[in-house]
Protein chains: 2
Amino acid sequence: MQRMTRQRAAVSEVLADTEDFRSAQQLHDMLREAGHSVGLATVYRTMQTLAENGDVDVLRNAEGESLFRRCRKQVHHHHLVCRICGRTVELDAGVVEHWAADVGQSHGFVDVEHTAELFGTCAECMAAGAVDTRDA
Amino acid sequence: MQRMTRQRAAVSEVLADTEDFRSAQQLHDMLREAGHSVGLATVYRTMQTLAENGDVDVLRNAEGESLFRRCRKQVHHHHLVCRICGRTVELDAGVVEHWAADVGQSHGFVDVEHTAELFGTCAECMAAGAVDTRDA
DNA sequence: CTGTGCATGGGAACCATTCTCACTTGCAGG
DNA sequence: CCTGCAAGTGAGAATGGTTCCCATGCACAG
Ligand SMILES: [Mn+2]
Ligand SMILES: [Mn+2]
Ligand SMILES: [Zn+2]
Ligand SMILES: [Zn+2]
């Protein structure tokens with residue numbers, strides 16, 4: 001049984017304010033800046049619950065950190081995420097769905113699930129003279 | 001300049017002995033069982049080097065742990081992995097490559113990378129009504 | 001209003017991975 | 001063969017995201 005608490009309301013508010021994937025720690029900072037006081041553990045707990053309920057999407061960046069976002073689409077979809085600012089584009093990917101289904105079937109696998117995410121640097125971050133932090 | 005050491009030889013040997021994706025710690029255990037003494041840090045370092053050279057493929061399981069495997073194909077590809085026995089099929093996925101490139105470009109993103117893995121239950125495991133032997 | 005049991009939060013615990021650094025060793029060059 | 005030295009090693013410490021613990025707080029049904 002879910003209770004409505006000051007903390008959960010604050011988290012929902014912050015989630016509604018951003019279009020981008022954010023880590024639990026970033027959300028925690030955003031809450032603090034917005035004047036709300038919410039414990040980090042509570043942020044993690046809340047995101048876990050929201051994720052289980054399908055209210056937020058979760059993905060892991062290259063560093064293995066979990067990123068959260070309230071998505072528009074409730075149905076299955078994929079993302080193109082800016083690895084610098086977190087800007088996100090929701091993608092329909094019928095091609096990928098078909099690929100997954102075909103490949104699974106042709107190899108005799110059942111209950112095939114797939115993961116597919118795109119990470120890049122968005123135009124704005126690129127223009128901002130963003131340094132490519134990769135390779136070297 | 002790469003030097004051939006007892007440790008690296010042992011790791012290569014163990015990698016050649018398995019078809020399945022394994023974690024650094026599992027590899028470390030396998031080395032110990034095979035009678036070789038190799039530090040865990042060395043296993044990590046070796047896997048990192050092999051991964052950079054494209055000699056092993058890396059993927060992250062649901063728990064965020066890195067799994068390694070020596071793949072047949074040297075070129076970029078994806079995997080269909082049995083979530084029960086770990087059996088792995090290497091996949092060519094031109095469709096996915098094109099999708100990633102097109103989507104990235106049409107949204108003005110650069111340096112677009114993608115992840116795409118399929119997890120399912122293979123025919124044998126399905127027939128055996130098998131119990132999950134992995135994870136833990 | 002009140003009790004009760006879900007919720008909170010600060011800090012400790014967890015745990016895979018990386019780092020440190022003194023020590024070892026492969027191997028090119030002599 | 002030697003030898004010097006840069007690359008490699010490993011035990012343990014550090015890191016850092018995430019979860020756990022537990023005393024205290026508080027939402028809300030009755
Ligand atoms: Mn899909
Ligand atoms: Mn690909
Ligand atoms: Zn960006
Ligand atoms: Zn199987």
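Every chain is numbered from 1, with letters handed out A, B, ... down the list of sequences.
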Once you round it to whole Å, what is the distance between [atom2] of [N] and [atom1] of [X]?
X     : N      : atom1 : atom2 : result
A:L31 : C:dG9  : CG    : P     : 10 Å
A:R22 : D:dG17 : CZ    : C1'   : 18 Å
A:Q48 : C:dA7  : CD    : C1'   : 14 Å
B:E65 : D:dT18 : CD    : P     : 15 Å
B:H28 : D:dG12 : NE2   : P     : 12 Å
A:Q26 : D:dG16 : CD    : C1'   : 15 Å
B:E63 : C:dC14 : CD    : P     : 19 Å
A:R60 : C:dT17 : CZ    : C1'   : 14 Å

Exercise. At under 4.0 Å between heavy atoms, what does B:R6 touch on the DNA or RNA strands: base, sugar-phosphate, or nothing?
Worked result: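 Sugar-phosphate contact only - B:R6 comes under 4.0 Å of backbone atoms but never of a base.
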Exercise. Across the strands shown, which category fits B:Q2 at heavy-atom distances under 4.0 angstrom: base, sugar-phosphate, nothing?
Worked result: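 If one applies the 4.0 Å heavy-atom cut-off, B:Q2 turns out to touch the sugar-phosphate alone, with no base involved.
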Exercise. Taking atom types as they are modelled, is there a donor-acceptor pair under 3.5 Å from the base of D:dA6 to the side chain of B:R3?
Worked result: yes
Problem set entry | hbond_proxy B:R8 side chain to C:dG26 base (donor-acceptor, 3.5 Å cutoff) | no
Of the listed nucleotides ([options]), which one gets closest to any side-chain atom of [X]?
X     : options                : value
B:M4  : C:dC27, C:dT17, D:dG10 : C:dC27
A:S66 : D:dG8, D:dT18, C:dT8   : D:dT18
A:R45 : D:dT9, D:dG17, C:dT8   : C:dT8
B:Y44 : C:dA16, C:dA7, D:dG17  : C:dA16

For this session: Find the distance between CG (B:L67) and OG1 (B:T88) and round it off to the nearest 0.5 Å.
Result: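 The CG atom of B:L67 sits 9.5 Å away from the OG1 atom of B:T88.
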Exercise. If we only count heavy atoms from C-beta on, is the A:L91 to B:H107 side-chain gap below 4.5 Å?
Worked result: yes
Exercise. With a 4.5 Å limit on heavy-atom distance, are the side chains of A:F68 and A:L50 in contact?
Worked result: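 Answer no - side chains too far apart.
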Exercise. How about B:F119 and A:H114: are their ring centroids closer than 6.0 Å?
Worked result: no
For this session: Would you confirm whether the ring centroid of B:F21 sits within less than 6.0 angstrom of the ring centroid of B:H79?
Result: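 Yes; B:F21 has its ring centre under 6.0 Å from that of B:H79.
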Exercise. Are the side chain of B:R87 and the backbone N or O of B:V81 linked by a donor-acceptor pair below 3.5 Å?
Worked result: no
Problem set entry | Main-chain N/O of B:C71 paired to B:E90 side chain as donor or acceptor, under 3.5 Å |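 Looks like no, no N/O pair under 3.5 Å.
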Exercise. For B:Q7 and D:dG10, is the shortest distance between a side-chain N/O and OP1 or OP2 below 4.0 Å?
Worked result: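 So the side-chain polar atoms of B:Q7 do come within 4.0 Å of the phosphate oxygens OP1 or OP2 of D:dG10, strictly under.
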Exercise. Does the side chain of A:T5 get closer than 4.0 angstrom to OP1 or OP2 of D:dA27 through an N or O atom?
Worked result: no
Exercise. So does A:H98 have more than 12 non-hydrogen atoms from other groups sitting under 6.0 Å from NE2?
Worked result: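 12 or below, so no.
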Problem set entry | Contacting residues from residues 32-41 of chain A, given that a heavy atom lies under 4.0 angstrom of DNA chain C |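 Under 4.0 Å from DNA chain C: A:S37, A:V38, A:G39, A:A41.
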